[in-house]
Amino acid sequence: MRVNGRTRMEIDQLGDWRRTHYSIDVKPELDGKEVVVLGWVRDIRDLGGIRFVILQDREGTVQITVLRGKTSKKVIEKADSLQTQFSIGVKGTVKKTKMTPRGIEIIPSEIRILGIAQHPLPLDVTGRTPAEIDTRLNARVLDLRRDESQAIFKIEHVVLEAMRNFLSEHGFVEVHTPRIIASATEGGAALFSVAYFEHEAFLAQSPQLYKEQLIMSFEKVFEIGPFFRAEESHTRRHLSEFISVDIEEAFATATDVMKVLEELVHHVCKAVAEGCRKELETLKCKVDVPRIPFKRFTYDEILKELKKEGTTVPWGEDISTPAFRTLGKIHPYFYFITDWPTKSKAFYIKPRDDNPDLCGGFDLMWRWIELASGGTRVHSKDLLIKRLKEQGLHPESFKFHLKVFDYGMPPHAGWAIGLERLIMMLTGKKNIRDVVLFPRDRFRLTP
RNA sequence: GCCCUGGUAGUAUAGUUCGGUCUAGUAUAGGCGGCUGUCGCCCGCCCGACCCGGGUUCAAAUCCCGGCCAGGGCGCCA
């Protein structure tokens, strides 16, 4: 049998080999010590009598140096049969040297080939030859070995960890609401339908109604999880499946949860700026820790600003994407937009007591992108029914939700932030697909 | 859903304006050979592509029509 144009080599067993060090932990102090490193072949440079194999693991790379004259025949044969992206294990001795940038190399005593890679590969992991996003997503697992991809998802991990810590420390309880629901939670966005035994069900577009119900016992809740929108949108910032970070708090108003939101964003930016220096450098990206509180503008003030720039938005209408792009140029960082017209926001956002045409809804903007939205919620059953009707929805289809208002619904408020959009902002990526492991959009369902 | 742009080796590109010189160029990857200190190693040789279907023409990668796919924009949204 032939693979890659040559005789198929034996695949070795991992056996009792376990990693003793990640690549970056192999340091000059270990000179003379035996180590076992595991990973993938990033690069091979063969100079004839000497062959350099660069091994990559999730933390970095380390050089394996094979000297033809001084190494056993068996090791040389193995080293010669390696190709890039093979999964391998190397047992060898650390050698201090001035010949490598990191000051060390590993002289192998045994190499094990643990998994082969079929060549030619669909993309270049070293990044010397670029690949387009479509090509990269089709070969996503290989693409995820690129330094840039690794950096993005390391940052995402740090963000999620920072968010969970922050919210837990502020007394929020993590909850999970159903993904499979009987009917629309908000109206508005289109839903995916699923066959649910003998019924039709839908994939949840938001945890909105459930999180409101949960504050009736837990008071402060948060949820991080995927939600689904069957929108036809095909843009750089929309997905069919996205991660929403939601909070809801009892006995609170928009003002209270806006404070939580800006403190959270501040905390997250700080965690990334301090904890992901290497990753930000890889991405050639800078994260400025924002000053809090963020600027707050009312909807009316925003309309006036836009008018000055020559963009007229009729009062009560939502702000168009081109108008938001204009705003992004005026306000190049974080800012809130408050006091929206009631009719432009969802039925569960509370109209103001002193002026029912305005409501307690807000958006958190980053430049021209809507990062989060939230508000004070309606907690009166009668008002909620009235609002449902005004939005053209049928109170009958919300009867299970309306029923809980008979059990002592407190005033409450909350928000939701689009995780991927936040990650885009922190990583400087212009396409949301870059920051999702396996994105789902209007035209992509695989891999 | 609508609008715009594009589709050339595994990948990324040149060529398309104005049809012929394209037997389709380059880089990288891949194969073979050489090289004992590389770190985007180097050198030589080789392999490999015009999205699909139809049309115009003496002649189509190039022009026209349809399809599929991709990227961007809009509306909607987070």
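FYI, side chains are in, hydrogens and waters are out, and symmetry mates aren't considered; it's all heavy atoms of this structure. Residue numbering restarts at 1 for every chain, and letters A, B, ... go by the order of the sequence lines.
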Quantified in whole Å, what is the [atom1] atom distance between nucleotide [N] and nucleotide [M]?
N	M	atom1	result
B:rA70	B:rA24	P	30 Å
B:rG19	B:rC74	C1'	37 Å
B:rA29	B:rG40	P	13 Å
B:rC51	B:rC68	C1'	8 Å
B:rU5	B:rC64	P	11 Å
B:rG48	B:rC3	C1'	38 Å
B:rC47	B:rC65	C1'	37 Å
B:rG31	B:rG73	C1'	44 Å

Give the nucleotide from the list [options] with an atom nearest to the side chain of [X].
X	options	result
A:Lys95	B:rC76, B:rG37, B:rG71	B:rG37
A:Arg128	B:rG75, B:rA29, B:rC76	B:rA29
A:Leu67	B:rA78, B:rA70, B:rG37	B:rG37

Item to check | 5′-ward residue of the pair A:Thr235/A:Arg444 relative to RNA chain B | outcome: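 First, find each residue's nearest nucleotide; the 5'-ward one identifies A:Arg444.
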What's the [atom1]-[atom2] distance between [X] and [N], to the nearest Å?
X	N	atom1	atom2	result
A:Phe443	B:rG73	CZ	C1'	13 Å
A:His238	B:rG72	NE2	P	13 Å
A:Lys430	B:rG71	NZ	C1'	15 Å
A:Phe192	B:rC77	CZ	C1'	13 Å
A:Leu191	B:rC77	CG	C1'	13 Å
A:Ile319	B:rC76	CD1	P	12 Å
A:Gln63	B:rC39	CD	P	10 Å
A:Trp368	B:rA78	CH2	P	15 Å

Next on the checklist: Could you identify the nucleotide paired to B:rG53, looking across every strand shown and requiring Watson-Crick or G-U wobble geometry with both distances under 3.5 Å?
Outcome noted: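 B:rC65 - that is the nucleotide pairing with B:rG53, both distances being under 3.5 Å.
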Item to check | Close aromatic pair by centroid cut-off 6.0 Å: A:Phe166 and A:His170 | outcome: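 So the answer is yes for these two rings.
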Item to check | Aromatic centroids of A:Phe336 and A:Phe362 separated by under 6.0 Å | outcome: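 Judged by ring-centre distance (under 6.0 Å), A:Phe362 and A:Phe336 do meet the cut-off.
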Next on the checklist: Against A:His412, only a single residue in A:Arg377, A:Glu212, A:Lys220 fulfils side-chain hydrogen bond (donor to acceptor under 3.5 Å, both in side chains); can you say which?
Outcome noted: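 It is A:Glu212, the one option of A:Arg377, A:Glu212, A:Lys220 that forms the side-chain hydrogen bond (donor to acceptor under 3.5 Å, both in side chains) with A:His412.
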Item to check | NZ or CZ of A:Arg179 within 45° of A:Phe227 ring axis and under 6.0 Å | outcome: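 Here A:Arg179 passes the 6.0 Å and 45° test against A:Phe227.
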Item to check | Heavy-atom pair of closest approach, residues A:Phe334 and A:Leu371 | outcome: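 It is CE2-CD1, 3.5 Å.
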Checklist entry - What's the shortest heavy-atom distance between A:Ala254 and A:Ala413, and which atoms? => result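 Nearest pair, atom of A:Ala254 first, then A:Ala413: N-CB, 3.8 Å.
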Does [X] reach the side chain of [Y], with side-chain heavy atoms less than 4.5 Å apart?
X	Y	result
A:Val436	A:Leu239	yes
A:Trp415	A:Ile417	yes
A:Met163	A:Leu264	yes

Heteroatom pairs (N/O) under 3.5 angstrom, protein to nucleotides 6-13 of chain B:
residue: B:rG10; atom: O2'; partner: A:Leu121; partner atom: O; Å: 3.1
residue: B:rU11; atom: O2'; partner: A:Pro130; partner atom: O; Å: 2.9
residue: B:rA12; atom: OP1; partner: A:Glu132; partner atom: N; Å: 2.8
residue: B:rA12; atom: OP1; partner: A:Thr135; partner atom: OG1; Å: 2.8
residue: B:rA12; atom: O4'; partner: A:Pro130; partner atom: O; Å: 3.1

Checklist entry - Can you find a donor-acceptor N/O pair under 3.5 angstrom joining the side chain of A:Glu232 to the base of B:rG75? => result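 In this structure, the two groups form no donor-acceptor pair.
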Has [X] got a side-chain N or O lying under 4.0 Å from the OP1 or OP2 atom of [N]?
X	N	value
A:Arg102	B:rC39	no
A:Arg442	B:rC77	no
A:Gln83	B:rG31	yes
A:His119	B:rG31	no
A:Thr321	B:rG75	yes
A:Arg236	B:rG73	yes

Next on the checklist: Counting only heavy atoms and a strict 4.0 angstrom limit, can you tell me which residues of residues 40-59 of chain A come near RNA chain B?
Outcome noted: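 The stretch gives A:Asp43, A:Arg45, A:Asp46, A:Leu47, A:Gly48, A:Gly49, A:Ile50, A:Phe52 as the residues lying under 4.0 Å from the strand, ordered by number.
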Next on the checklist: Are B:rA78 and A:Phe242 stacked, with the base six-membered ring and the side-chain ring centres under 5.5 Å apart and planes under 30°?
Outcome noted: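 The ring of A:Phe242 is stacked on B:rA78.
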Do any N or O atoms of the protein come closer than 3.5 Å to N or O atoms of nucleotides 49-51 of chain B, and which pairs are they?
none

